[in-house]
Novice: 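Can you keep this structure in mind? I'll have questions shortly.
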Amino acid sequence: MLNMIDHGTRTDAPTLLIAHGLYGSARNWGVIAKRLSGTRRVVAVDMRNHGESAWQPTHSYADLAGDLAEVCEALDGPVDVLGHSMGGKAAMMLTLTQGNLVNRLIVADIAPVTYSHSQIKYIDAMRAADLSRIERRSDAAPQLEAAVDDPALVPFFLQSLDVSGRRWRLNLDVLAKEMPQIIGFPKVRGQYDGPTLFLSGEKSDYVLPEHREVIKPLFPKARFMALKGAGHWLHAQEPRAFVDVVGGWLERA
């Protein structure tokens with residue numbers, strides 16, 4: 001079972017399950033989850049090979065969807081599911097293979113397609129960091145800043161640093177090995193007929209107009225919205241607007 005962080009209490013509204021993206025964790029979503037928990041129970045999980053969840057030898061979307069299915073069953077689903085980036089792909093795979101477990105789906109800034117960019121450079125940066133003498137997370141920041149192209153990502157990566165253990169709470173070896181699967185998306189014949197929101201960042205290029213011809217056959221009830229001023233990390237860049245849009249859609253859908 002994946003590690004879960006629980007927010008709020010069970011209400012008449014469906015529980016909301018949050019699946020984070022690559023290199024993320026349930027803790028990254030604490031502020032968002034807490035704000036959304038005013039009207040429903042919200043559960044954020046650490047995906048496999050991340051955070052406090054178990055390290056596994058594989059990281060396919062079939063694996064990730066199976067993990068989420070186990071959580072849905074434990075939460076007495078069907079539940080609403082919100083997934084960002086890698087977590088969004090895992091959530092899509094879940095609905096396409098076990099849609100009975102999902103009431104409504106929100107996919108944050110990702111499409112069910114294969115991307116050309118690799119995230120391996122960030123694994124290289126974390127592997128190269130000398131953690132032997134760090135006493136606090138900030139001690140590792142200069143090393144990452146020298147290797148990471150986006151300064152905003154450094155504090156995000158540092159949230160996955162176990163200072164006392166002087167290690168990353170990320171299974172970097174498996175994530176590197178499985179990177180082709182992570183940036184890809186498997187061929188699947190399923191269809192999810194539940195309400196679905198594809199919420200993208202206005203400044204992001206992860207969900208393009210041409211992706212809709214792939215999305216619509218799989219998710220015929222898909223609706224599309226863009227969050228003004230946000231990029232790929234839309235929930236971190238525009239958290240209040242993100243909560244307003246997600247919360248409002250869940251109330252209406």
Side-chain angles (χ1 to χ4, degrees), residues 5 7 16-36 42 44-47 49-51 59 61 64 81-92 105-126 137-138 140-141 144-161 168-170 172 175 179 182-183 185 197-208 211 215 224-250:
I5 299 180
H7 301 265
L16 176 63
L17 173 62
I18 299 178
H20 64 77
L22 184 61
Y23 311 134
S25 69
R27 291 175 58 196
N28 295 153
W29 284 81
V31 172
I32 299 294
K34 185 175 181 180
R35 290 176 179 172
L36 289 170
V42 180
V45 295
D46 287 332
M47 305 295 278
N49 299 312
H50 291 71
H59 202 84
Y61 285 113
L64 272 60
V81 179
L82 161 62
H84 172 246
S85 199
M86 178 194 76
K89 284 188 171 182
M92 286 188 280
L105 172 65
I106 302 171
V107 181
D109 211 64
I110 203 72
V113 300
T114 296
Y115 291 88
S116 60
H117 60 272
S118 172
Q119 303 292 331
I120 202 76
K121 59 186 177 182
Y122 301 129
I123 290 180
D124 293 339
M126 285 183 272
R137 285 194 176 94
S138 58
L144 291 185
E145 288 167 354
V148 173
D149 51 0
D150 184 351
L153 291 178
V154 171
F156 168 72
F157 293 146
L158 289 176
Q159 289 186 52
S160 291
L161 179 58
W168 296 100
R169 290 193 180 95
L170 298 165
L172 297 177
L175 294 176
M179 188 61 67
I182 294 170
I183 65 174
F185 193 77
L197 174 64
F198 281 80
L199 178 60
S200 58
E202 178 191 36
K203 297 180 179 179
S204 173
D205 60 359
Y206 274 69
V207 183
L208 302 173
H211 291 155
I215 292 169
F224 301 87
M225 295 180 65
L227 203 59
K228 187 176 180 180
H232 181 60
W233 306 94
L234 63 176
H235 60 291
Q237 293 160 337
E238 298 292 340
R240 292 189 181 277
F242 184 88
V243 168
D244 288 344
V245 170
V246 169
W249 186 82
L250 288 173

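We use all heavy atoms of the structure for the numbers below, so side chains are in, but hydrogens, waters and symmetry mates are not. Along the sequence shown, residues carry numbers from 1. None of these values were measured; they are calculated from a predicted model.
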Novice: Within this structure, what is the CG-CD1 distance for the pair Leu199 and Ile106, rounded to the nearest 0.5 Å?
Specialist: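 So the CG of Leu199 and the CD1 of Ile106 are separated by 8.0 Å.
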
Novice: Return the minimal non-hydrogen interatomic distance between Ala90 and Leu64, and the atom names on each side.
Specialist: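 Residues Ala90 and Leu64, closest heavy atoms: CB-CB, 3.7 Å.
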
Novice: How far apart are the closest heavy atoms of Ser160 and Tyr23, and which atoms are they?
Specialist: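 In this case the closest contact between Ser160 and Tyr23 is OG-O, 3.5 Å.
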
Novice: Which heavy atom of Val148 sits nearest a heavy atom of Leu153, and at what distance?
Specialist: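 Heavy atoms only, the tightest pair is CG1-CB, 4.1 Å.
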
Novice: For residues 233-249, which side-chain N or O atoms pair as donor and acceptor with protein atoms under 3.5 Å away, sequence neighbours left out?
Specialist:
| residue | atom | partner | partner atom | Å |
| --- | --- | --- | --- | --- |
| Gln237 | OE1 | Gly231 | N | 2.6 |

Novice: Just by distance, do the side chain of Lys89 and the backbone of Gly21 share a donor-acceptor pair under 3.5 Å?
Specialist: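 Here the side-chain-to-backbone pair does not exist.
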
Novice: Taking the side chain from Glu202 and the backbone from Ala230, do they hold a donor-acceptor pair closer than 3.5 Å?
Specialist: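 The answer is no, because no donor-acceptor pair under 3.5 Å joins these two groups.
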
Novice: Between the side chain of Asp46 and the main-chain N/O of Ala26, is any donor-acceptor distance below 3.5 Å?
Specialist: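 Present.
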
Novice: Where do Trp168 and Leu161 come nearest, in terms of heavy atoms and distance?
Specialist: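 The pair with the smallest heavy-atom distance is CZ3-CB, 3.8 Å.
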
Novice: Would you say the ring centers of Tyr206 and His84 fall short of 6.0 Å from each other?
Specialist: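 Ring centroids of Tyr206 and His84 are no less than 6.0 Å from each other.
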
Novice: Checking Asn28 against His20: is there a side-chain donor and acceptor pair closer than 3.5 Å?
Specialist: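 No, no side-chain donor-acceptor pair sits under 3.5 Å.
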
Novice: Under the rule for ring pair (Phe, Tyr, Trp, His ring centres under 6.0 Å), what residues qualify as partners of Tyr122, not counting sequence neighbours?
Specialist: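 Tyr122: ring pair (Phe, Tyr, Trp, His ring centres under 6.0 Å) contacts with Phe157.
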
Novice: Rounded to the nearest 0.5 Å, what separation is found between the CE atom of Met47 and the CE atom of Met86?
Specialist: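 Atom-to-atom, Met47:CE and Met86:CE are 5.0 Å apart.
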
Novice: Can you tell me how far the CG atom of Asp205 sits from the NE2 atom of His211, to the nearest 0.5 Å?
Specialist: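 Between atom CG of Asp205 and atom NE2 of His211 there are 9.0 Å.
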
Novice: Would you check, one step at a time, whether the test side-chain contact (heavy atoms from CB on, under 4.5 Å) holds for Leu227 with Asp109?
Specialist: CA-CA 10 Å; Leu227 203 59; Asp109 211 64; over 6 Å; no

Novice: Do any N or O atoms from the side chain of Trp29 and from the backbone of Ile18 form a donor-acceptor pair under 3.5 angstrom?
Specialist: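 No: the side chain of Trp29 does not pair with the backbone of Ile18.
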
Novice: Side chains of Phe198 and Val107: does their closest heavy-atom pair fall under 4.5 Å?
Specialist: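 With C-beta onward as the side chain, the pair touches.
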
Novice: In Å, rounded to the nearest 0.5 Å, how long is the span from CE of Met126 to CG of Leu172?
Specialist: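 Interatomic distance, Met126 CE to Leu172 CG, rounded to 0.5 Å: 5.5 Å.
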
Novice: How close do Leu105 and Ala91 get, heavy atom to heavy atom, and via which atoms?
Specialist: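 For Leu105 and Ala91, the tightest heavy-atom pair comes out as CD1-CB, 3.7 Å.
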
Novice: Rounded to the nearest 0.5 Å, how far does CZ of Phe224 lie from CG of Leu197?
Specialist: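 Output value for this atom pair is 9.5 Å.
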
Novice: Say whether, by atom type as modelled, one donor and one acceptor occur between the side chain of Lys121 and the main chain of Ala147 under 3.5 angstrom.
Specialist: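 A pair under 3.5 Å: no.
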
Novice: Indicate the atoms forming the closest heavy-atom contact of Leu16 with Leu250, along with that distance.
Specialist: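 Nearest heavy atoms, Leu16 then Leu250: CD2-CD1, 4.2 Å.
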
Novice: So, using side-chain contact (heavy atoms from CB on, under 4.5 Å) as the criterion, who are the partners of Ala226 when residues are at least two apart?
Specialist: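 Listed in chain order: Ser200.
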
Novice: Look up atom CD1 in Ile183 and atom OG in Ser116, then write down how far apart they are to the nearest 0.5 Å.
Specialist: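 If we round to the nearest 0.5 Å, Ile183:CD1 and Ser116:OG are 7.5 Å apart.
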
Novice: For the residue pair Ser85 and His232, confirm or rule out a side-chain donor-acceptor distance under 3.5 Å.
Specialist: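 Side chains of Ser85 and His232: pair found under 3.5 Å.
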
